[in-house]
Amino acid sequence: MQHYLQFTDLEPDQYAYLFERAHVIKRKFKAYERHQTLADRTLVMIFEKASTRTRVSFEAGMYQLGGTVVHLTTADSQLGRAEPIEDSARVISRMVDLVMIRTFEQSKIERFAAHSRVPVINGLTNEFHPCQILADIFTFIEHRGSIKGKTIAWVGDGNNMANTWLQAAELLDFTVHVSTPHGYEVNEETAGIAGRIRADRYQIYNNPVDACRDADLVTTDVWTSMGFEAENEARKKAFAAWCVNAEMMAAAKPNALFMHCLPAHRGEEVTTDVIDGPQSVVWEEAENRMHVQKALMEYLLLGRVD
Ligand code: CP
Ligand code: NVA
């Protein structure tokens, strides 16, 4: 049984398959062709944090695949009344085929997976957001071809998105330029890249404009992630210079793309002219969550279906 708890859970050849499969699934969706490979299968989605894209993409995606979905939150389930996560996993996984969880600590999803009879997908934790990077790389490939050897500029928080980009860089062989404010650096142990990633695949810059130089893709995220709201005011001060703007985009390659996992705060981590400008692919990036996750769910339940 294969779980998808962090980006390194799959191998490069499995990613190559998933990206190909997502192309097929997306093409069929656009042509209104049925693609119901998961008929009679059930997905449970557990949300301990808010969501728009993750919920809609998994829920719509599973229905399109012919399956059904159960939606649980902390507030409306026994998870919010301290039922152990291990017991929840044992019970839920006897009734369904697949589980997607959005929660706080990575250790929580790992404990769930360790007691689950069915595959578990990470829909975002404090440490990782692998489904988002899956969609981002798929979007990059659609526009620019293989990501191998390319340069991604990460401007902002050393958070779950940054960690996952770095795992992907190690696995799929591209470079990430990282610029974070002091005190918000990537923790290499938490990211799972300590002693693993090639030095030239992970480069740190104090100045975000330098990080963007010659990049093929510039990307950022909110200054304050879910669960860190108490730090909001301190973060607003610390991150003021980490706003992706026209100067940063001008430092990147002329055909550089801009991505943001969304939701975005215009005027904070990105200017309106950049996110709504010609280099931005954020709406396709969001849509692609659904296509890649359909490929992922199909793969975790059926394996390769060439
Ligand atoms: N990007 C992303 O995961 O969005 P949601 O928080 O809306 O699910
Ligand atoms: N880093 C953000 C991503 C939201 C999709 C968060 O964890 O809140």
Side-chain angles (χ1 to χ4, degrees), residues 4-7 43-62 69 71-74 99-109 121-140 152 154-168 176 178-181 184-187 190-191 217 219-232 234-236 238-239 242-244 258-266 268-270 275 280-294 296-297:
Y4 193 57
L5 307 183
Q6 48 187 302
F7 202 85
L43 166 73
V44 158
M45 305 187 297
I46 301 171
F47 284 97
E48 299 212 281
K49 292 174 175 171
S51 168
T52 296
R53 278 143 289 269
T54 303
R55 168 146 189 210
V56 176
S57 56
F58 270 105
E59 189 158 340
M62 191 57 172
V69 179
H71 176 249
L72 284 182
T73 68
T74 313
V99 176
M100 189 285 303
I101 308 180
R102 167 168 287 195
T103 188
F104 293 88
E105 298 80 21
Q106 183 73 11
S107 57
K108 204 163 176 185
I109 198 171
I121 299 172
N122 182 345
L124 182 145
T125 56
N126 290 350
E127 290 87 347
F128 299 114
H129 198 2
C131 292
Q132 183 67 54
I133 301 303
L134 192 62
D136 293 6
I137 295 174
F138 178 71
T139 308
F140 186 91
I152 314 307
W154 176 264
V155 175
D157 195 13
N159 64 10
N160 44 11
M161 286 289 295
N163 292 343
T164 314
W165 269 116
L166 286 164
Q167 287 201 338
V176 185
V178 175
S179 181
T180 66
Y184 299 93
E185 293 86 358
V186 167
N187 179 320
T190 305
L217 164 65
T219 186
T220 186
D221 189 7
V222 291
W223 290 343
T224 304
S225 285
M226 291 180 280
F228 297 84
E229 289 80 3
E231 301 173 12
N232 200 23
R235 284 172 172 266
K236 276 190 176 173
F239 281 76
W242 278 263
C243 172
V244 176
F258 172 78
M259 290 190 197
H260 188 313
C261 62
L262 306 175
H265 298 77
R266 289 170 176 77
E268 291 192 8
E269 74 274 6
V270 60
I275 194 169
S280 172
V281 292
V282 296
W283 314 122
E284 286 164 70
E285 180 189 359
E287 178 191 322
N288 282 336
R289 286 288 303 277
M290 185 174 80
H291 306 305
V292 296
Q293 289 162 192
K294 284 166 76 177
L296 176 68
M297 290 192 285

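Indexing begins at 1, ligand by ligand and atom by atom, following the structure's order. We number each residue from 1, following the sequence as shown. Atoms considered below: every heavy atom in the structure, side chains included; atoms not considered: hydrogens, waters and symmetry mates.
- For Leu262, the heavy-atom gap to ligand 2 drops under 4.0 angstrom.
- With values rounded to the nearest 0.5 angstrom, Met259 atom CE is found 13.5 Å from Thr220 atom OG1.
- With respect to atom 4 (C) of ligand 2, the closest heavy atom belonging to the protein is Leu124 CD1, 3.8 Å.
- Residue Ser225 has at least one N or O atom closer than 3.5 Å to an N or O atom of ligand 2.
- In this structure, Lys108 NZ and Asn122 CG are separated by 13.0 Å, a value rounded to the nearest 0.5 Å.
- The nearest protein atom to atom 3 (C) of ligand 2, hydrogens excluded, is given as Asp221 OD2, 3.6 Å; this is a heavy-atom distance.
- In terms of heavy atoms, Ala191 sits closest to Val186 at CB-CG1, 4.1 Å.
- Looking at residues two or more places apart in sequence or on another chain, you find a side-chain contact (heavy atoms from CB on, under 4.5 Å) between Ser51 and Phe47, Thr54, Arg55, Arg102.
- Looking at Lys49 next to ligand 2, no N or O pair under 3.5 Å apart turns up.
- Nearest protein heavy-atom neighbour of atom 7 (O) of ligand 2: Asn160 ND2, 2.8 Å.
- Contacts of ligand 1 (protein heavy-atom distance under 4.0 Å) are Ser51, Thr52, Arg53, Thr54, Arg102, His129, Gln132, Cys261, Leu262, Arg289.
- For the pair Leu124 and Gln132, the minimum side-chain heavy-atom distance is 4.5 Å or more.
- In terms of the ring pair (Phe, Tyr, Trp, His ring centres under 6.0 Å) criterion, Phe128 has no residue partners (sequence neighbours excluded).
- Contacts between Asp157 and ligand 2 below 4.0 angstrom, taking non-hydrogen atoms only, are absent altogether.
- With Phe58 as the partner, the side-chain contact (heavy atoms from CB on, under 4.5 Å) test is satisfied by one option alone out of Lys294, Met45, Met290, Arg53: Met45.
- Applying the side-chain contact (heavy atoms from CB on, under 4.5 Å) test to Glu268 and every residue at least two apart in sequence or in another chain returns Trp223, Lys236, His265.
- On a distance-only criterion, Thr224 and ligand 2 share no N/O pair closer than 3.5 Å.
- In this structure, CG in Asn159 is found 12.0 Å from OG1 in Thr190, a value given to the nearest 0.5 Å.
- Of all protein heavy atoms, the one lying nearest to atom 8 (O) of ligand 2 is Met226 N, 2.8 Å.
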